[in-house]
Amino acid sequence: MADQDIKKARRHVTQNEALIFERSAPGKDSFRLPPLDVPAVDPAVVLGAGAVRGGIEGFPEVSEIEVVRHFTRLSTWNYGVDTGAYLLGSCTMKYNPKINEVVARLEGIANAHPLQPEELSQGCLRVMQRLAECLLEITGMDAITLQPAAGAHGELTGLLLVRAYLESKGNPRRRVLIPDSAHGTNPASAMQVGYQTQSIASNARGTVDLAMLDRAMNEDVAALMLTNPNTLGVFEDQIAEIAAMVHARGGLVYMDGANMNALVGVSRPGDFGVDVLHLNLHKTFSTPHGGGGPGAGPVAVKKNLEPFLPVPRVVEKPDGALALDYNQPQSIGRVRAFYGNYGMLVRALAYILANGRDGLRQSTEDAVLNSAYLRKGLEGHYELPYSSPTLHECVFSDKRQARHGVRTGDIAKRLIDYGFHPYTVSFPLIVPGALMIEPTESESKQELDLLIDALQSIAREAEQEPELVLRAPHSTRVGRLDEVQAARKPILRWKPANGG
Amino acid sequence: MADQDIKKARRHVTQNEALIFERSAPGKDSFRLPPLDVPAVDPAVVLGAGAVRGGIEGFPEVSEIEVVRHFTRLSTWNYGVDTGAYLLGSCTMKYNPKINEVVARLEGIANAHPLQPEELSQGCLRVMQRLAECLLEITGMDAITLQPAAGAHGELTGLLLVRAYLESKGNPRRRVLIPDSAHGTNPASAMQVGYQTQSIASNARGTVDLAMLDRAMNEDVAALMLTNPNTLGVFEDQIAEIAAMVHARGGLVYMDGANMNALVGVSRPGDFGVDVLHLNLHKTFSTPHGGGGPGAGPVAVKKNLEPFLPVPRVVEKPDGALALDYNQPQSIGRVRAFYGNYGMLVRALAYILANGRDGLRQSTEDAVLNSAYLRKGLEGHYELPYSSPTLHECVFSDKRQARHGVRTGDIAKRLIDYGFHPYTVSFPLIVPGALMIEPTESESKQELDLLIDALQSIAREAEQEPELVLRAPHSTRVGRLDEVQAARKPILRWKPANGG
Amino acid sequence: MRYLPKSPEERRAMLAAVGCDSIEQLFAGIPEPARLRRELNLEPGWSEPEVLRYFLERAAENARGFTSFLGAGAYDHFRPAVVDALISRSEFYTAYTPYQPEISQGTLQAIFEFQTLICQLTGMEVANASLYDGSTALPEAVMMAVRATGRHRAAVARSVHPEYRQVLDTYLRHQGMTIEEMPYGEDGRVAEGALAKAKGDDLAAVVVQSPNFFGVIEDVTAAAALAHESGALLIVMIAEPASLGIVRPPAEADIVAGEAQSLGVPLSFGGPYVGFLATREKFVRNMPGRLVGQTTDANGERGFCLTLATREQHIRREKATSNICTNQALCALMVTIFLSTYGKQGLRELALQNLAKAQYAAERFERAGASRRFSGPFFNEVVIRGVAQRGTAERLAAEKLIGGLELGRYYPELAGDVLLCFTETAPRDRIDRLVEIYSS
Amino acid sequence: MRYLPKSPEERRAMLAAVGCDSIEQLFAGIPEPARLRRELNLEPGWSEPEVLRYFLERAAENARGFTSFLGAGAYDHFRPAVVDALISRSEFYTAYTPYQPEISQGTLQAIFEFQTLICQLTGMEVANASLYDGSTALPEAVMMAVRATGRHRAAVARSVHPEYRQVLDTYLRHQGMTIEEMPYGEDGRVAEGALAKAKGDDLAAVVVQSPNFFGVIEDVTAAAALAHESGALLIVMIAEPASLGIVRPPAEADIVAGEAQSLGVPLSFGGPYVGFLATREKFVRNMPGRLVGQTTDANGERGFCLTLATREQHIRREKATSNICTNQALCALMVTIFLSTYGKQGLRELALQNLAKAQYAAERFERAGASRRFSGPFFNEVVIRGVAQRGTAERLAAEKLIGGLELGRYYPELAGDVLLCFTETAPRDRIDRLVEIYSS
Ligand SMILES: Cc1ncc(COP(=O)(O)O)c(C=O)c1O
Ligand SMILES: Cc1ncc(COP(=O)(O)O)c(C=O)c1O
């Protein structure tokens, strides 16, 4: 399809911009502080000459307007949720409400020091307490820590809890079972907790193969790490049997909550046998992803694991005031300094309060409806490797397009020309050439119809003019980047021309 | 020159976006208020059935994320000072400091009601007083009003002052003299004050022709309206003689301060015979132009005109507290409700305080240096109709390019492809096919070198491939717009498809 | 100076390039007597923390944390967070007037949407891109009526915002106009017969405000009938357009103009606000101010540009319909975002809540024995008779309240009466407290 | 719900399109026992004004308008207004990890600049795109040393941030490591001989922090020498990188890691912050976390992309160098903007002012008879001996002051001593008052 026939996007002039170091010139005035109101000191005298450094070689010297233009121009090369549909499967790129950015910056919150006296931090602690209560109700779990900084950090924390619990029972066990559809962080986290991982092949329906599990699940297995709905968007319909089997043999069920957006208000992990669960506030609860973080990965557990949660914990004193309790003899300790990515907790609570029970439920329904609508619109144009019913996302494969040499990565690049941020390409591993698409509840029918049009059109292009797709994107300021070269001889930082 | 050879800009994918009304769908949830905490009322009962309206036909019904994407997408179609050089001559598009946006939004300032008690408004009044003091020192005038909302509003105010003063002397007179290089607002403002305008032709040096002035200046002339430096960027070097002549014959000298950016810290209108002067805070003093306002056009006067200034005026009470004084029997009255575009006054003061005497002077020097550097780089490539020394801006003409059928408007459009916001094209009228370029102090040498390259390259293109220039811009999401059609049958608002 | 992108070395290089050995030479064009040969008598530049501290200190000298019951042309309604988030896009607020449409479509489309929203609100056919504020919109509207009718007399209701009328006087002083004032009656509306008295074939315009300065909704239909009988134009001013969420628009008017601050623009001690002016298609060429129109580009794509500029000063000069150039574009954008966010239901809910609060307050005053000065229907403002002495600034401030406006300042005959405004932002208990103070 | 862009009608149409007559059918895949058959026990949704009010009330329950002298891993330095203005560009903060480089060049180039700035600050050759925070950067660094050396013992100074060491214990508990603690001496630095004692050919890493938790600058050169003698890596942790504006970078280290919050990230009650990790080129393939590299596109244009991903979990899974996926990109962007704005001179001035303030305060304490606990050179933090009882939270709060950290909480042997931080934000008169309270 020709440029001008693309409905959603058009090309427009944008600014080039060098590296900030290349803008620098010696002696340009930059940011200044108020005059010093105490006597100046000679660092060489105070610290010893050997301990003092001179000006930093190559460090930027630019004026304020150059900083502003530099980062403003850079920003225009990006695509965000505010730009349009951001289809990364498993990432839940939903709308980030603007009021959340306001409340996280309020004086009294944004400038609160983590170690200031508890009497002067009651508001901050109340927010943590209220968020904890909401998340426990939503998940059906008994206790929670807000300390982990992201999903993978939550996995590490959760598995440490599993291990501590099992140790307290006398045997930490040696292995963790992980379905082959799982995200890479799952095995990586298990390994960091000293567990060997064993992969469980999925069955024809894309879910855990009970027979397989039966064979693998024994007294040596600490836990089954399950993503539910799994990374195909399919709910583990045998979850009851799975949980029963794992529990019967003394193991625990860990749930990766990355896909909670399919369940909020509809189904609670605490009600279907999960012992440990991590949430991604930067997915399900709308905290902005920031171009790669910060996130927040609270871990919720059942009563029996509560004693092992990280310190400190927020507790209520007899007089109703809140305090931080460090006295938890069985605790695994700390997984992070202070209390977690607090600013993200504020935003997540704002999101929950604004939605309320009705809005949260409606969001889940819309997310699932959007995914179903999309799946319907693409069936027949792309291969659907698993026909099981899906919830918040659906995973196609490039099988048909591959016949013309067009792979999922090419389709993704071409989708950029159509004005969308592509879906997830390299995951889940059980689907060769996967197109993993998660629209979330934030997309309108109009945006989805444009997306369906676009992907149908690309499917046609793949047959009729594969070259067009293979050389995509054609509309971006830089074309396809040579990632091989980047990895072969890595250039990981700027160096002065003179090679300083 | 081919796209990829343009150093400063490249094309990139951007989003299309319909009108907000076209995004609307009945029943979409939008913004909500807290539940009403008093009894609801039936408007038909309270106001009478006839006085009540139903839902507003065609009014938008959209969700928050659609609003956010709508205006975010629209913004990406714009070019601002933060994007790059904004060369509009006479508009002084300089950097708008970010801290100014912060202070204008502080609680206590942004939410201050104009009629709240003076005791509860001392901070707001202090800002006005301090700004007034600074502007008087910068201009060398004796008294000032901050009430006018923009430059043209300032002109109206200033001429009303002139008229009131002359009336108090017995004869308001009938005419105002305006050089032919003046901005269109000057004659338009004069007419609104009931004066006939008489145009004074400029001499070969682009300045006021003394002989002409001598002939025109008589007892019937209320004032000479001068822009200094004038719209060619040339300082009226005979200003002393001019002022003497006008004063000798009982007239007043009004100065349009749009070009004060050339003079701050270097020359003061109050020292060279100006009686009335308006400033454009949205030019010289960095308040953001907002896509066409708000601005602020304070008017400064000499002592003899002070009694006529608009009410209210900020005065200091014996106890040092500030108050608003409405008791000015000779005042021309009000030119605006309340006290002016207050938020712009805050920003202008922040700019003045941040610069201080040293920064203001340096800014003027850099602005003039930038213009001189640019003029030097373009001489020989574009026709320079007046060779007089220029200050903050320089005006070329398209005479040479016109031979190839390429006019200033075409060159401007082509400059867009090179990544710049064009200069002013339709002004000043004394230069046919004018290129009126004002770089301001905010442009770096690098940005200016790119601009010189670009304009030299376009000059070559005009000779070698005029078609390329005539059909420009080529890089924008919409091409040249048909402005004739727009004016012939105006479509000035959206209508529902059904033609409601 | 940190805002200036040049090193000393670069300045030297540029000076050399232009063949000067001192910056002084660049100013040689300015004759010596006109030169300032000393430093400005201002402080040296301040660092950013110092600038911030200065304004924090000033802000602390103003009311903070008060509940205010002031309206009178400046209204406090809740501004959704999206408004500031979106106008803070620098492509919007650091842009100039959209003279180059190919790189200004964002501003242009937004203004086109603003013009449409104003038409929908007012029931008019065309609206301009904004004027300075409501007060200057009044003389612009009257001068437009003069152009349209060729007549030079206007009848203006005394219940129009007093400061608007002051601005009208100042603007029209030298236009050879006669302006007559139409008194108000017991109901707070234009008095019986006042309209009739104004009649005449030299009448250019009848001007009423609705809701008027007393918060009372005028009988626009009657005013229109009488104006049109004389072949004059009816100008309806609106200072509180939130009322249009529920109040029938003045569709019989020829010009509807006013102040849109109430729809998303901060109070900011009186400005910047945003005037609007809407009318019928047939008067479009008499309109002041900028207009954005829809058109197409070379490929037939829809686009927007400034249009009908031949009305304006930069082309028409002294024959222009107005001298206005820079207007209030960014405030118009705030209004456009505000209205898009509230939307059809939201704006109606906003109006209904204001109506209910004002009714509640009036009732409370009634119960407390303080009566309304006027009997006419009102939106969110009401005049309470003779309570000014009790509601002193001191007593109110002690309770973190800012009371209403004492009317004697503008209307000697109403000295002691207080104009109070009740919006959705005033909690019930604060209203109750206010009533107690004013009535005890 | 106002965030959801659908009308009831559109929902019906979409349901019909997918052939369902109720939304329930879409959840049929969830077995009944797993379904929640009641509403969540949460309040109904709040309007935006209610959400804002809730957080305003919470904010008011915290310290506001206080001058704080707390550091201990979280530092208050002035953040230029441009930082928030620029990170608020939604193309930055609403984007995901830059998996699609052609529409993520903004994030990618900014991270590349961050990596460069960290190298320049620390004197290292490569830096990653960020880690969660300083505390988690420590175990990541130690595990990296383990990979690089194949050894499993680490010697960690007791003067490293106590919470960082707690996190290290938690992370490494199941990695079969032995971790030894190196005591501190009278000067507050790693004690004489402690390093020597740690020696051995099974030693993977020596870990010191500089400035350390007591604010004292360690002798990195000595530590490096001893570490290298054993063929171990020297890891230098930095919690207050503003010190690098004036303090010589630990160029002899093999890994420099830490916390960059101090450079433009709000205190925000402890997070989000941003960990960094830098090292020598030869160790790059052992590094944890994301890396952005420079490359070219089809036309030879410079561009940036994520690289060396084979180290990472999504490819290497259980063999990855770390499990980290989402990091702290937006905080890294804050640091990049902060450092670009302060620049070469600004950062030096910042460091010098902190140095001067701390020196001034220490002197005042000296004069007031309160002595420093440690004799070593210090940057902007200092431990004052035995003044905790006098500086009670109550006495301090009465003066709108937040005092230092009582050290007994982390170091029983230092009970009663107080760790105080003095940055450019602490006015002289507030420092004087603080000293009075602590010493009377
Ligand atoms: C299924 C799943 N699990 C875990 C993660 C890791 O979460 P995080 O990136 O927050 O560490 C992701 C992230 O994409 C994921 O999709
Ligand atoms: C020389 C001159 N005078 C007057 C004006 C009018 O100022 P404003 O647009 O603020 O009304 C302008 C605006 O461009 C101008 O350039």
Side-chain angles (χ1 to χ4, degrees), chain A residues 30-31 37-38 41 53 59 71 74-75 77-82 103 106 108 110 112-114 117 120 122-124 149-150 152 184 187-189 191 194 235 272 288-295 333-334 337-338 341-343 356-357 359 372-373 389 444-445 476 478-479 481 486 491 493-494, chain D residues 1 5 10 18 29 34 40 42 44-45 55 58-59 61-64 70 86 89-91 93-95 97 102-103 105-107 116 132 135 163 166 170 174 248 266 268-272 293-295 297-298 303 307 313-314 317-318 320 323 326-330 341 343-344 346 360 393 428:
Chain A
S30 64
F31 191 75
D37 65 355
V38 300
V41 297
R53 91 189 293 173
F59 218 62
F71 292 100
L74 262 56
S75 73
W77 307 346
N78 266 12
Y79 187 108
V81 170
D82 286 5
V103 297
L106 290 176
H113 192 288
L120 297 176
Q122 288 297 304
C124 286
S189 301
M191 170 273 202
F235 192 93
F272 56 70
H289 207 284
R334 282 187 165 282
F338 309 126
N341 279 348
Y342 185 80
R357 57 176 182 239
Y373 185 74
S444 65
K445 180 170 180 302
T476 49
V478 293
L481 290 161
I491 305 175
R493 79 167 207 269
W494 170 85
Chain D
M1 207 287 142
E10 288 170 327
V18 300
L40 284 171
L42 299 171
F55 286 99
R58 298 291 77 69
E61 294 166 355
N62 298 326
R64 283 193 304 182
L70 281 168
L86 292 168
R89 297 277 307 172
S90 61
E91 297 92 333
Y93 81 90
T94 74
T97 304
E102 298 84 359
I103 45 174
Q105 284 298 300
T107 296
T116 304
Y132 300 138
S135 71
E163 297 197 354
Q166 290 169 17
T170 310
H174 311 296
R248 196 179 61 81
S268 190
F269 206 54
Q294 178 179 319
T295 183
D297 73 358
T307 191
Q313 38 70 28
H314 58 278
R317 300 182 79 85
E318 62 277 3
N323 70 330
T326 291
N327 54 30
Q328 305 284 119
L330 197 69
T341 306
K344 198 176 199 164
Y360 172 80
R428 177 185 196 143

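First the proteins, then the strands, lettered A, B, ... as listed; each starts at 1.
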Is there a side-chain contact (heavy atoms from CB on, under 4.5 Å) between A:M191 and D:N323? Walk through the geometry before answering. CA-CA 9 Å; A:M191 170 273 202; D:N323 70 330; over 6 Å; no

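The most heavy-atom pairs under 4.5 Å with chain D, out of A:G295, A:G343, A:G333, come from A:G343. Most heavy-atom pairs under 4.5 Å with chain A, from the set D:G29, D:G303, D:P266: that is D:G29. Most heavy-atom pairs under 4.5 Å with chain A: of the set D:P5, D:G346, D:G343, this distinction falls to D:P5. Contact count against chain D (heavy-atom pairs under 4.5 Å) is highest for A:R53 among A:R53, A:Q122, A:H113. Heavy-atom pairs under 4.5 Å with chain D were tallied for A:A152, A:A110, A:P114; the largest tally goes to A:P114. Looking only at heavy-atom pairs under 4.5 Å with chain D, the residue among A:G184, A:A188, A:G293, A:G292 that has the most is A:G292. The choice from D:N62, D:T97, D:L86 that makes the most heavy-atom pairs within less than 4.5 Å of chain A is D:N62. The choice from A:G80, A:P187, A:A149, A:G194 that makes the most heavy-atom pairs within less than 4.5 Å of chain D is A:P187. Interface summary for chain A: among D:T307, D:N327, D:V18, the most heavy-atom pairs under 4.5 angstrom belong to D:N327. When each of D:A63, D:A393, D:G293, D:A298 is scored by its heavy-atom pairs under 4.5 Å with chain A, the top score falls to D:A63. Of the listed residues (D:Q166, D:E102, D:E61, D:E10), the greatest number of heavy-atom pairs within a distance under 4.5 Å of chain A belongs to D:E102.
Side-chain N or O atoms of A:R357 include none that pairs as donor or acceptor with a backbone N or O of D:L40 at under 3.5 Å. A:D82 places no side-chain N or O within donor-acceptor distance of the main-chain N or O of D:S90, the cut-off being under 3.5 Å. Here the side chain of D:R89 pairs no donor or acceptor atom with the backbone of A:S75 at under 3.5 angstrom.
Partners of A:R334 according to the salt bridge (Lys or Arg N to Asp or Glu O under 4.0 Å) rule, which considers only residues two or more places apart in sequence or in another chain, are D:E163. In this structure A:F272 satisfies the ring-ring contact (aromatic ring centres under 6.0 Å, His included) test together with A:F235, sequence neighbours excluded.
If you take OH on D:Y93 and CG on A:N78, they are separated by 13.5 Å, rounding to the nearest 0.5 Å. Separating the CD atom in D:Q294 from the CD1 atom in A:I491 is a distance of 4.5 Å, to the nearest 0.5 Å. For the atom pair OH of D:Y132 and CG of A:N341, the computed distance is 9.5 Å after rounding to the nearest 0.5 Å. Put simply, NE2 on A:H289 and OG1 on D:T94 are 11.5 Å apart, with the number rounded to the nearest 0.5 Å.
Considering all non-hydrogen atoms of both residues, D:A329 and A:G290 come closest at CB-O, 3.5 Å. Contact detail for A:P294 and D:L330: the closest heavy-atom pair is CD-CB, 3.8 Å.
Contact check for A:S30 versus D:T341: no side-chain heavy atoms found under the 4.5 Å cut-off. Side-chain atoms of D:R58 and A:C124, non-hydrogen and from C-beta on, never get closer than 4.5 Å to each other. Within the 4.5 Å cutoff, the side chain of A:L481 has heavy atoms near those of the D:Q105 side chain.
For chain A, the nearby parts of D:I103 are the backbone and the side chain; heavy atoms of each come within less than 4.5 Å. For chain A, the nearby parts of D:F269 are the backbone and the side chain; heavy atoms of each come within less than 4.5 Å. Using a 4.5 Å cut-off between heavy atoms, D:A34 touches chain A through backbone and side chain atoms alike.
For D:T116 and A:R493, the side-chain atoms include no donor-acceptor pair closer than 3.5 Å.
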